Amino acid sequence: MSKPLKPVPRFASEAEERMYWEQHDSTEHLDWSQAQRVTLPNLKPTTKTISLRLPQHLLDSIKAAANSRDVPYQSLIKVWLQEKLHSQSK
């Protein structure tokens with residue numbers, strides 16, 4: 001038998017809410033066994049800047065290919081990498 005859940009209090013500020021949750025367990029207010037996983041399809045994935053050394057002739061060829069497709073060369077590199085990974089996973 002589960003214990004009755006307490007209502008979530010109203011907070012006057014974000015700081016007050018933060019202090020409350022630092023001192024209280026959310027299971028007093030929520031039945032986490034009923035929680036459902038959510039997906040957020042419109043979120044942009046986090047990106048990480050990397051440094052990649054390429055021979056000049058290779059970079060020039062990539063830039064020319066990107067220019068002919070009217071896309072930034074870095075975007076084209078990402079597309080090609082994604083396509084290659086996808087084809088490898090099949």
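For clarity, every value in this text was computed on a predicted model and none was experimentally measured. Just the heavy atoms: all of them, side chains too, but no hydrogens, waters or symmetry mates, feed the values below.
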(message) Through direct or indirect side-chain contacts below 4.5 angstrom among Ile, Leu, Val, Met, Phe, Trp and Tyr, which residues connect to Leu52?
(response) Leu54, Leu58, Leu59, Ile62, Val71, Tyr73, Leu76, Ile77, Trp80, Leu81
(message) Measuring only between side-chain heavy atoms, which start at C-beta, is Glu83 closer than 4.5 Å to Val79?
(response) yes
(request) Quick one: closest heavy-atom pair of Glu16 and Ser13, and the distance? (result) N-OG, 3.1 Å
(request) Not counting sequence neighbours, which residues clear side chain to side chain donor-acceptor pair (under 3.5 Å) with Ser68? List them please. (result) none
(message) His29: which residues meet the side chain to side chain donor-acceptor pair (under 3.5 Å) condition with it, sequence neighbours left out?
(response) Tyr20
(message) Heavy-atom count check: over 12 atoms from other residues, nucleotides or ligands less than 6.0 Å from Glu14 CD?
(response) no
(request) To the nearest 0.5 Å, tell me how far Ser87 OG sits from Gln82 CD. (result) 10.0 Å
